[in-house]
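Here is how names work: the chains are called A, B, and so on, in the same order as the sequence lines, proteins then strands, and each is numbered from 1.
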Amino acid sequence: MKVKKLMSVVWYSYKKKVFSKTFIFMHLFYFAIFALSIGASLIFAFSSEETPSEPTIILIDQTTFDYGVYFSSDSYIKDFNGTLTEAMSEVNDSKARGVVVIDANDEGMPVFTIITYDNSNTALLSQLEIDARNVHGIIYMIKNGIPGDAFVPSIDMQVLKEDADSVEKVAMITGLSVLIIMVLMIVSFPALSIISNDIIYEKSDRTMELIVSSVSSHSIFHSKILVGFLLTLTELIGLSLMVLLGIGVVIRFGSSVDEGFLQLISQGLVYLRSEINVGLTVFTVVGYASLMLTLYMTATVVFVSFATDIETGGYWMLIPVMAMVILSQLSLAVPMNPTSALSRFLAYFPLSSGFVLPVKILFDTASNWEIAISTSILALSIFLSIYYGKKVFAKNAIKYSDRQRKKGRLKVV
Amino acid sequence: MLSIFEVSKSFGTVRAVKGVSLDIEPGEIYGLLGANGAGKTTVFRMILNIIKPDSGSVLYNGKTITIDESSLLGYLPEERSLYQREKVKDQIVYFGKLKGMTTKMAEERLDFLLDKFEITEYKNRKVKELSKGNQQKVAFLAAILHNPEIIILDEPFTGLDPMNVKTFKNLIREMAESGKTIIFSSHQMDVIEELCDRLAIMRNGTIILEGKLQAIKDDYKRKNVLICGEGLQEEDFGSIEGVCGIERKKDEWVVSIRDKTVIPSLLDAIRTKPVITKFVQEEPSLDEIFINKMGEKYEG
């Protein structure tokens, strides 16, 4: 009987939301939200670069021209007078992340060899490349004392770790990670908003009172979380369908690029399958995302239960929703540098670990301990939030007065 | 029989209900009166299992009503608890399913009740499109859809026009005659007088008066005497000991007396008047009893 009633509540809440004009109309804004999120993520990605206290790159300038001065950031460059072997030894001792060797070719032109510990710090590598190209501009002006032909400096990449990922793979994983985080946010955000509204309106219409007289408040609490998951799943299916629709439109109307486009997709998929374990990735993403979403849903249901009317409901709803927006944006910095302090913090923090851990696992930068601790924190947070959350919800579900103090609302905790 | 035994409930430092006890028989219409904030809704919510009493118990036929037996209870909350943006049919069927009905059963019963309430045309309309009276009918319908044994109606007549009040009264009587236990609260004393077999008045979380309506009136010592005649003045009664109030209504004087012992003094006072056409001792109205019991704190 309990399950039957629970499913009635879930189905009614789900049905009335999904088949509403608002829900359908809202999805037209998907792409705008997507574009905005990517913009914000880029800002975070550039601004969240780690500034280490110790130099992370050892610079060995073997030319007489002193190209090393053109590397922009003193904070991560350390001039080194020793040999390459000594430099590599220092890198291996983890005192540095990589080496840039500047040498000259037969014509006296500089050759840059960026020797990295691994390729995962994409932000740092990009900066090194930009610096190397800046040097190129100056050489162009002074070649043989007179302006010379356009010159492309030789930038060679070497990886110290034998099993380090290739640059292509890192680029692919970076893109995939950003996509995973963005999709998770896009599909979860509306679900949080919808279950919030559901509770707020049930409280303002006083229908909550009628439901609570038939179904236990604990069941209602669980039903709201279930509805949230169903909505997220619907969002995911909807988004996938739209992507397929987009591809279909390109194939149908872009006849001149048909073959190339399909080839590109097929090559991309083959490459993806060969470079990463798709099954493990999907399992990791779905697993952690589900756990993290449970936490967000629980937080949303609890916070919104404090609402006394539509206006206050809007304020309470903002707390979990904004937390998700901010943390998902911060998480977008993780693929740029999965080993940074920020990445480590976000991997442990239960409200962001669902975004970050799959990324770190993809980059192979999460140790077993890190995974175990992070998962334990997440699981414990879920347990505690559900255990206390349903009590707080039961206490506040039919409270319509603002007279209660915060202390009173959480007294049960 | 519904038995409420010594139930108490506090919210923080506020003691909303203090040791309330009531016994209500099947087929009885029971009125629970009280000013706003007296604790009536809290008592209802405890019967409904929405909140748990801090102490005491609520039993039906000697057993506690669990949430799984919620189909025994029908509830019309004070506010019209309906999804404003949803269709009547969808939500009533949903509420029916929460009470254990199948979709088919709920739909059939809904059709029957819509017809009885004469609002069949609103079946597929959104609640917000209905008038207040019709919304109240829909909410009432939701409360009785599953044919519950105990029906709790919190201010059921609020916002209803006289025609709808009459319809509701007839329905309540009909349900009581079929053996349902009906408890309701209202600020409309005339309706309470007309419908209730027994009633209780609550103040500050406690029951200050309880029993059969006639017995309450009989026990209420303060009486009104209606006097009509020529040459009557306010001073004729004002000085009599035991007179609590004098009011003139058209040609009639309404003299409120402490108790029956004051009547001989009143008769003495009018003996010298040339013509007395009326001297009647009147039962106090429930309204009067209620206001008196509530004192000056009454806000309703």
Determine whether more than 12 heavy atoms belonging to other residues, nucleotides or ligands lie under 6.0 Å from atom NZ of Lys123(B). yes
Let me confirm one number: the OH-NZ distance from Tyr12(A) to Lys97(B), rounded to the nearest 0.5 Å. 10.5 Å
Heavy-atom distance under 4.5 Å to chain A: side chain of Gln84(B), backbone, both or neither? both
List for me each residue that meets ring-ring contact (aromatic ring centres under 6.0 Å, His included) alongside Phe117(B), sequence neighbours excluded, and say none if there are none. Phe140(B)
Non-hydrogen contacts under 4.5 angstrom with chain B: give the residues of residues 205-218 of chain A involved, or none if there are none. Asp205(A), Arg206(A), Thr207(A), Glu209(A), Leu210(A), Ile211(A), Val212(A), Ser213(A), Ser214(A), Val215(A), Ser216(A)
Which pairs pass side-chain hydrogen bond (donor to acceptor under 3.5 Å, both in side chains) with one or both residues in residues 141-158 of chain B, sequence neighbours excluded? Thr41(B)-Asp154(B), Asn147(B)-Lys180(B), Asp154(B)-Ser185(B), Glu155(B)-His187(B)
So which part of Phe95(B) gets closer than 4.5 Å to some heavy atom of chain A, the side chain, the backbone, both or neither? side chain
Quick check: are there more than 12 heavy atoms from other residues, nucleotides or ligands sitting under 6.0 Å from NZ of Lys18(B)? yes
Looking only at heavy atoms, which of residues 42-55 of chain B get nearer than 4.5 Å to chain A? Arg45(B), Leu48(B), Ile50(B), Ile51(B)
Would you give the length of the straight line joining atom NZ of Lys16(A) to atom NZ of Lys87(B), rounded to the nearest 0.5 angstrom? 14.5 Å
Crowding at CD, Glu118(B) (>12 non-hydrogen neighbours, <6.0 Å): no
Most heavy-atom pairs under 4.5 Å with chain A, out of Leu76(B), Leu98(B), Leu82(B), Val127(B), belong to Leu98(B)
Taking everything shown except Phe229(A) itself, do over 12 heavy atoms lie less than 6.0 Å from its CZ? yes
With only heavy atoms counted, which part of Glu78(B) is less than 4.5 Å from chain A, the side chain, the backbone, both or neither? neither
